[in-house]
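Read the structure below first, then the notes.
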Amino acid sequence: MTEWDVKKLRILRTLRDRGTVTATAEALLMTPSAVSQQLTNLARQLGVPLLEAQGRRVRLTDAAHLVLRHAEAVFAQLERADAELTGYLRGEAGQVRVGAFSTAVPALVVPAVRLLEAGDRPGPQVRVREAEAAQAYELLSAGEVDLALSLAAHAPTARDPRFTLLPLLADPLDVALPAGHRLAGAPALRLADLSREAWIFGGSGPWSEITTAACEAAGFVPEQAHSAAGWTAILAMVRAGMGVALVPRMVSASERPRDGVVMRVLEEDRPYRHVVAAVRQGAERGPAVARVLTALQRAAEESIQQNVRQNVEQHGRQNAEQNAEQNVQ
């Protein structure tokens, strides 16, 4: 019977994910020679070649990919076993390491922690690590976090056997306008109405892609006047009249734009960014992770309800302003 060595299989999987022996060694705190030796021993144990030379690098053979397809099921089962054992040893307490992008921390993670603390039973200890949305799956794969909040745009395919994904919410994107902008009080504002405006968004990365994609879907390519990665800087430039920006509702709720910035809800072409929670496949069955996921779902539901209330309130204010203008006329 073929001998399957889980430790060596993890090294093979890391090589597939990281691409080079050197990067694999760094991720696993090993030397490159030790990585190569372990994979050579695994190939000997399995009786199939796992690597082949490709210039100065190596690539996985078809046999290696076949082995990993079956190994993923093993890893998922081990995650489930580890989760159940943790639940047995620690009860439903324990520790859950959560990786989350910056705006998800105040909007979802902090409310979820408060819900856990307010429960009748002791909740798991949540340790938060702020990380870019694109880092989520790398951190999960490396075992550095147990649960990660990311954007659906960065998610691997649904067929990726390493992760379980749970949709949390569709976060609406509102438009931040300077208070004196000609469209600040316009009725039924559409994204297309801002096609000739100067825009403020990141020079690269997810927010650049989200802004560009939303504007292109509305029929135009945004003219980038200024580049910034932080919301404080973006809103400060909007306040100064330097341009307009798309801002996620989660950001406007936490940043609380001060006087000088008008947040407008878009109508027909309102874009969204989709927030998901991700865990290593099988880990979602662990009591502690399951409780944190449930708390995050509740926090997301409350956020959605708050968005609905804000939308209704804004439409109410706009209708009142329009009626006032008509009365004056």
Side-chain angles (χ1 to χ4, degrees), residues 98-114 127-136 139 148-154 168-185 189 191 194 197-215 222-266 270-275 296 299-300 302-304 306-307 309-311 313-314 317:
V98 176
F101 56 97
S102 59
T103 55
V105 174
L108 293 175
V109 179
V110 171
V113 171
R114 287 175 177 164
R127 297 189 63 181
V128 180
R129 172 172 176 173
E130 183 180 333
E132 294 293 335
Q135 287 184 281
L139 294 173
L149 298 188
S150 184
L151 300 177
H154 296 297
L168 287 180
L169 60 81
D171 188 20
L173 307 183
D174 300 328
V175 173
L177 301 173
H181 194 278
R182 59 186 177 84
L183 295 175
L189 183 66
L191 191 56
L194 301 166
E197 299 294 323
W199 282 84
I200 306 167
F201 54 91
S204 61
W207 198 240
S208 173
E209 297 166 6
I210 289 173
T211 299
T212 302
C215 293
E223 177 187 350
Q224 185 179 32
H226 308 283
S227 174
W231 295 113
T232 300
I234 289 174
L235 292 172
M237 285 190 279
V238 171
R239 187 176 299 110
M242 298 167 64
V244 302
L246 279 178
V247 179
R249 190 75 54 80
M250 286 167 56
V251 173
S252 58
S254 60
E255 288 282 343
R256 301 290 181 190
R258 296 188 294 270
D259 292 343
V261 176
V262 175
M263 299 303 304
R264 286 297 310 270
V265 175
L266 293 164
R270 183 188 307 168
Y272 293 84
R273 64 173 185 174
H274 296 271
V275 182
L296 284 168
E302 292 179 3
S303 176
I304 292 170
Q306 182 180 5
N307 287 342
R309 289 194 296 270
Q310 289 177 345
N311 199 354
E313 289 173 2
Q314 185 177 67
R317 288 195 301 271

task: May I ask you to test the Met250-Leu108 pair for a side-chain heavy-atom distance under 4.5 Å?
output: yes
task: Please name the pair of heavy atoms, one in Pro178 and one in Ala184, separated by the smallest distance, quoted to 0.1 Å.
output: O-CB, 4.1 Å
query: Going from CG on Leu189 to NE2 on His181, what distance comes out if it is rounded to the nearest 0.5 angstrom?
result: 9.0 Å
message: If you compare all heavy atoms of Ala104 against all heavy atoms of Ala100, which two are closest, and at what distance to 0.1 Å?
response: CB-CB, 4.3 Å
- prompt: Is any side-chain heavy atom of Ile234 closer than 4.5 Å to a side-chain heavy atom of Val251?
  reply: no
statement: Residues Ala176 and Met263: closest non-hydrogen pair is CB-SD, 3.7 Å
task: Calculate, to the nearest 0.5 Å, the distance between atoms CZ and OG1 belonging to Arg273 and Thr211 respectively.
output: 10.5 Å
Less than 3.5 Å apart, which donor and acceptor atoms pair up between the side chains of residues 240-247 and the rest of the protein, not counting sequence neighbours?
none

query: Roughly how far apart are Thr103 OG1 and Arg249 CZ, rounded to 0.5 Å?
result: 13.5 Å
Interatomic distance, Met237 atom CE to Ser227 atom OG [nearest 0.5 angstrom]: 7.5 Å
query: Taking the side chain from Glu197 and the backbone from Pro222, do they hold a donor-acceptor pair closer than 3.5 Å?
result: no
query: Once you round to the nearest 0.5 Å, how far does CG of Leu169 lie from CD of Glu302?
result: 12.0 Å
- request: Start with the C-alpha distance between Phe201 and Ile210, add both sets of side-chain angles, then the distance that settles side-chain contact (heavy atoms from CB on, under 4.5 Å), and finish with yes or no.
  value: CA-CA 10 Å; Phe201 54 91; Ile210 289 173; over 6 Å; no
- request: To the nearest 0.5 Å, tell me how far Leu139 CG sits from Glu132 CD.
  value: 11.0 Å
- prompt: Shortest non-hydrogen contact from Val105 to Pro111?
  reply: O-CD, 4.2 Å
query: Do the side chains of Val175 and Leu266 get nearer than 4.5 Å, heavy atoms only?
result: yes
message: Is there a side-chain contact between Leu296 and Leu149 in this structure, where contact means two heavy atoms from C-beta onward sitting under 4.5 Å apart?
response: yes
query: Where do Asp171 and Pro248 come nearest, in terms of heavy atoms and distance?
result: OD2-CB, 3.1 Å
message: Using a 3.5 Å distance criterion without hydrogens, assess whether the side chain of Trp199 forms a donor-acceptor pair with backbone atoms of Leu194.
response: yes
- prompt: Do Phe101 and Val275 have side chains that get closer than 4.5 Å, going by heavy atoms?
  reply: yes
